[in-house]
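All remarks here apply to the structure that follows.
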Amino acid sequence: RANVRKITTSSQALDGLLGGGIETRTMTEFFGEFGSGKTQICHQVSVNVQLPPEKGGLSGKAVYIDTEGTFRWERIEAMAKAQGIDPDSAMSNIYYMRAINTDHQIAIGDDLQELINKDPAIKVVIVDSVTSHFRAEYVGRENLAVRQQKLNKHLHQLVRLAEVYELAVIVTNQVMSRPDMFYGDPTVAVGGHTLYHTPGIRVQVKKSRGNRRIARMVDAPHLPEGEVVFAITEEGIRD
Ligand code: ADP
Ligand code: MG
């Protein structure tokens with residue numbers, strides 16, 4: 001796996017689980033229940049990618065595609081300050097895009113190549129979450145095949161971007177923690193495993209006590225399976 005670089009999550013434990021951090025040339029999926037910390041991790045990485053390599057970054061920029069309207073500049077500001085990054089420059093190094101529906105999300109995906117060609121400093125593309133619009137718009141079994149086909153095409157386009165432009169791609173996927181909630185959504189199997197298969201790394205995040213969270217590596221091709229604990233603080237993701 002030549003030329004793979006890593007972006008720190010600001011948690012040594014989570015970085016350890018990931019084999020050193022979020023990898024370039026790969027898509028990393030964080031899946032888990034509401035409030036498990038997926039969006040906070042995305043915010044943290046969009047700040048940390050800006051750090052110099054000696055501090056765990058890539059001196060790069062981020063693209064943040066927000067499908068749920070949960071992106072908060074105040075969180076970027078707080079996380080940047082905690083890292084010693086000027087908040088204004090941190091914000092100017094994030095291309096924020098709000099995707100309002102699947103067609104819009106796919107159109108943004110189609111335009112990414114052009115944006116990255118214009119600004120090669122982009123080192124991470126984040127889609128938070130990649131599934132919510134698809135789930136909302138394609139309801140019921142009769143729409144499942146077309147939903148999966150469109151979602152898979154979108155995901156594979158993101159994977160190709162990661163490989164061709166040697167950047168990190170992060171997607172999130174909200175999955176209910178209660179198995180009985182899975183009925184009615186046949187793309188989600190009991191146990192929290194979605195049925196689509198894309199290349200890359202899958203990490204499950206779960207709530208624990210207070211601000212503690214558990215991250216679990218799932219089916220990683222080159223990383224050991226395991227679980228670690230991290231925390232969500234005012235300053236961001238921490239051990
Ligand atoms: P998900 O995206 O998985 O639904 P989030 O990443 O939005 O979950 O995590 C939400 C949690 O992050 C909140 O429940 C809270 O515990 C924590 N959080 C959010 N903002 C802050 C903050 N400013 N200070 C400390 N913790 C925060
Ligand atoms: Mg979220």
Side-chain angles (χ1 to χ4, degrees), residues 1-33 35-62 64 71-72 74-87 89-90 93-94 123-128 162 166-173 175 177 192 200-239:
R1 298 179 317 106
N3 302 324
V4 169
R5 301 168 78 193
K6 310 279 169 80
I7 307 165
T8 184
T9 62
S10 292
S11 156
Q12 283 186 22
L14 188 52
D15 285 354
L17 185 80
L18 294 162
I22 303 284
E23 292 191 352
T24 60
R25 311 195 67 173
T26 295
M27 181 165 81
T28 302
E29 173 187 340
F30 289 96
F31 70 96
E33 64 190 303
S36 56
K38 303 179 295 297
T39 295
Q40 296 302 307
I41 293 170
C42 292
H43 280 66
Q44 188 72 59
V45 176
S46 64
V47 170
N48 287 2
V49 69
Q50 304 180 36
L51 291 165
E54 63 270 22
K55 289 187 173 172
L58 298 174
S59 301
K61 299 185 187 179
Y64 200 113
F71 181 86
R72 296 288 177 272
E74 306 85 72
R75 292 300 288 143
I76 299 299
E77 194 177 7
M79 291 176 184
K81 276 185 187 159
Q83 299 281 31
I85 298 175
D86 170 57
S89 90
N93 286 330
I94 298 171
K123 292 296 169 205
V124 64
V125 171
I126 294 164
V127 189
D128 180 30
E166 304 194 356
L167 44 82
V169 169
I170 299 174
V171 300
T172 69
N173 178 17
V175 176
S177 58
I201 292 166
R202 304 190 65 222
V203 179
Q204 182 175 20
V205 279
K206 289 182 278 191
K207 286 185 197 168
S208 185
R209 281 181 182 213
N211 70 347
R212 304 266 120 194
R213 298 292 187 274
I214 296 163
R216 185 172 71 93
M217 183 60 65
V218 181
D219 310 326
H222 59 275
L223 292 167
E225 301 220 338
E227 273 191 6
V228 298
V229 176
F230 66 96
I232 308 174
T233 74
E234 175 60 37
E235 286 73 40
I237 303 297
R238 291 293 183 273
D239 279 308

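Because only heavy atoms are used, hydrogens play no part in the values below, and waters and symmetry mates are left out as well, while side chains stay in.
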*asked:* For the backbone of Glu33 and the side chain of Lys38, can you confirm whether one donor and one acceptor N or O come within less than 3.5 Å of each other?
replied: yes
*Beyond-backbone contact of Val229 with Ser208, side-chain heavy atoms, under 4.5 angstrom*: no
_Regarding Gln83 and Ser10, do their side chains bring together a donor and an acceptor under 3.5 Å, going by distance alone?_
yes
*Can you check side chain to side chain contact (heavy atoms under 4.5 Å, CB included) on Leu18 and Val203, steps first, answer last?*
CA-CA 9 Å; Leu18 294 162; Val203 179; 3.8 Å; yes
*asked:* Using the salt bridge (Lys or Arg N to Asp or Glu O under 4.0 Å) criterion, which residues pair with Arg75? Sequence neighbours excluded.
replied: Glu234
*Taking Asn48 for the side chain and Gly57 for the main chain, is one N or O donor matched with an acceptor at less than 3.5 Å?*
no
*Looking only at atom types and distance, does a side-chain atom of Arg213 sit under 3.5 Å from a main-chain N or O of Ser36, one as donor and one as acceptor?*
yes
*Can you sort out the partners of Glu227 under salt bridge (Lys or Arg N to Asp or Glu O under 4.0 Å), two or more places apart, ordered by chain and number?*
Lys206
*Check the angle between the aromatic planes of Phe71 and His43 and answer parallel, tilted or perpendicular using the 30° and 60° thresholds.*
parallel
_Are Phe230 and Ile41 packed together at the side-chain level, in the sense that at least one heavy-atom pair is separated by less than 4.5 angstrom?_
yes
*Rounded to the nearest 0.5 Å, what's the gap from CD1 on Ile7 to OG1 on Thr28? Could you check?*
9.0 Å
*asked:* For a quick test of reading the model, state the closest non-hydrogen atom pair linking Ser59 to Pro53 and the distance between them.
replied: OG-CD, 3.4 Å
*Compare every heavy atom of Ile85 with every heavy atom of Ala90, then report the nearest pair and how far apart it is.*
CB-CG2, 3.8 Å
*asked:* For the OG1 atom of Thr9 and the CG atom of Asp239, what is their distance to the nearest 0.5 Å?
replied: 7.5 Å
*asked:* Measuring from atom NZ of Lys6 to atom CG of Leu58, what distance do you get when rounded to the nearest 0.5 angstrom?
replied: 11.0 Å
_One pair to check against side chain to side chain contact (heavy atoms under 4.5 Å, CB included): Ile94 and Gln50. What are the steps and the verdict?_
CA-CA 9 Å; Ile94 298 171; Gln50 304 180 36; 3.7 Å; yes
*Any chance you could measure Phe30, atom CZ, to Ile22, atom CD1, to the nearest 0.5 Å?*
3.5 Å
*Determine the minimum heavy-atom distance between Ile170 and Cys42, stating which atoms define it.*
CG2-SG, 4.2 Å
*Would you check if Thr24 and Lys123 make a side-chain contact, meaning some heavy-atom pair closer than 4.5 Å?*
no
*Answer yes or no: is there a side-chain heavy-atom contact under 4.5 Å between Met79 and Gln40?*
yes
*For Met217 and Leu223, work out which heavy atoms get closest and say how close.*
CE-CD1, 3.7 Å
*To the nearest 0.5 Å, tell me how far Gln44 CD sits from Leu14 CG.*
10.0 Å
*asked:* To check you understand the geometry: which heavy-atom pair defines the closest contact between Ile237 and Ile232, and what is its length?
replied: CD1-CG1, 4.2 Å
*asked:* Show the nearest heavy-atom pair for residues Val124 and Leu167, with the distance to one decimal.
replied: N-CB, 4.4 Å
*Working to the nearest 0.5 Å, report the span between CE of Met27 and CD1 of Ile201.*
10.5 Å
